[in-house]
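Because only heavy atoms are used, hydrogens play no part in the values below, and waters and symmetry mates are left out as well, while side chains stay in.
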Amino acid sequence: MTAARPDLPGLQASLFDQGDDIRCGPLDGLRRTVLDGGAWIDHLPGWLHGADALFEELAGRVPWRAEERPMYDNVVAVPRLLAHYGEGVPLPHPALAEARDALGAHYAAELGEPFATAGLCLYRDGHDSVAWHGDRTGRSATHDTMVAILSLGDPRDLAFRPRSGGPTALRLPLGHGDLVVMGGSCQRTWEHAVPKTSRAVGPRISVQFRPRGVR
């Protein structure tokens with residue numbers, strides 16, 4: 001079901017990014033964390049300038065969908081709103097196309113193909129979340145790939161743990177234009193999640209750029 005503009009709590013604006021000039025910064029500040037099993041994570045805080053202004057535009061412009069899924073004997077609401085832009089479909093703001101193309105150029109030698117699709121998630125408050133998972137639908141189930149995530153709005157933790165189990169190994173608070181890129185075997189050998197939180201947090205939009213055939 002497609003939702004009207006969501007009724008959202010107030011966004012806590014960044015103290016460091018108050019402008020309306022929406023543009024990507026350079027990528028030379030990316031820092032890589034090497035994980036076990038051939039996986040790695042690149043992280044760059046504050047990559048997108050004007051991220052709070054972009055959040056407000058996407059919150060009102062994107063045709064957000066509320067979805068349901070079966071769980072045991074019940075059908076439950078997915079605890080976030082969703083949107084997806086397939087290959088060749090215009091993105092809802094030029095800054096997202098700029099970000100996708102900049103990432104494709106930067107990672108061309110490692111990835112060997114462009115980022116082709118964009119999935120968007122809107123976490124309305126601390127009750128919204130995504131459970132532990134890897135993006136293993138399609139080629140990423142058997143091959144190394146990359147998924148780049150641009151975060152807008154209030155920071156929420158993106159947590160990582162080995163797929164084999166065990167405690168959370170890494171938490172990154174992502175929001176206000178932060179970028180994280182998961183590469184190598186990360187989707188096959190590690191899991192990631194946005195846990196629920198009892199803290200008073202505002203809304204966050206996650207934009208996930210993926211190559212063709214990866215979900």
Using distance only, find each side-chain donor-acceptor pair of residues 88-105 under 3.5 Å and give its atom names and separation, not counting sequence neighbours.
from, atom 1, to, atom 2, distance (Å)
His93, ND1, Ala95, N, 3.0
Glu98, OE2, Cys24, N, 3.3

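- Partners of Asp157 according to the salt bridge (Lys or Arg N to Asp or Glu O under 4.0 Å) rule, which considers only residues two or more places apart in sequence or in another chain, are Arg171.
- Qualifying salt bridge (Lys or Arg N to Asp or Glu O under 4.0 Å) partners for Asp144, counting only residues two or more places apart in sequence or in other chains: Arg188.
- In this structure Arg139 satisfies the side chain to side chain donor-acceptor pair (under 3.5 Å) test together with Glu113, sequence neighbours excluded.
- Every residue two or more places apart in sequence or in another chain was checked for a side chain to side chain donor-acceptor pair (under 3.5 Å) with Thr168, and none qualifies.
- Here Leu82 sits in one hydrophobic cluster together with Val78; the rule is ILVMFWY side chains under 4.5 Å apart, joined directly or through other members.
- Listed by first and then second residue, the ring pair (Phe, Tyr, Trp, His ring centres under 6.0 Å) pairs that reach into residues 187-215 are His133-His192, sequence neighbours excluded.
- Considering only residues two or more places apart in sequence or on other chains, His143 meets the ring pair (Phe, Tyr, Trp, His ring centres under 6.0 Å) condition with none of them.
- Taking Arg161 as the reference, Glu191 meet the side chain to side chain donor-acceptor pair (under 3.5 Å) condition, with sequence neighbours excluded.
- Considering only residues two or more places apart in sequence or on other chains, Arg32 meets the salt bridge (Lys or Arg N to Asp or Glu O under 4.0 Å) condition with Asp42, Glu110.
- Side-chain contact between Leu111 and Pro211: present, with at least one pair of heavy atoms (C-beta onward) separated by less than 4.5 Å.
- Heavy atoms only, all atoms of each residue included: Arg204 and Leu174 are closest at NE-O, 3.3 Å.
- Judged as a side chain to side chain donor-acceptor pair (under 3.5 Å), and not counting sequence neighbours, Thr117 has no contacts.
- Listed by first then second residue, pairs satisfying ring pair (Phe, Tyr, Trp, His ring centres under 6.0 Å) with a partner in residues 106-126 number zero, not counting sequence neighbours.
- No donor-acceptor contact under 3.5 angstrom links the side chains of Thr197 and Arg156, judged on distance only.
- If you take CG on Leu158 and CG on Leu170, they are separated by 8.0 Å, rounding to the nearest 0.5 Å.
- The nearest pair of heavy atoms linking Asp52 to His176 is OD1-ND1, 2.8 Å.
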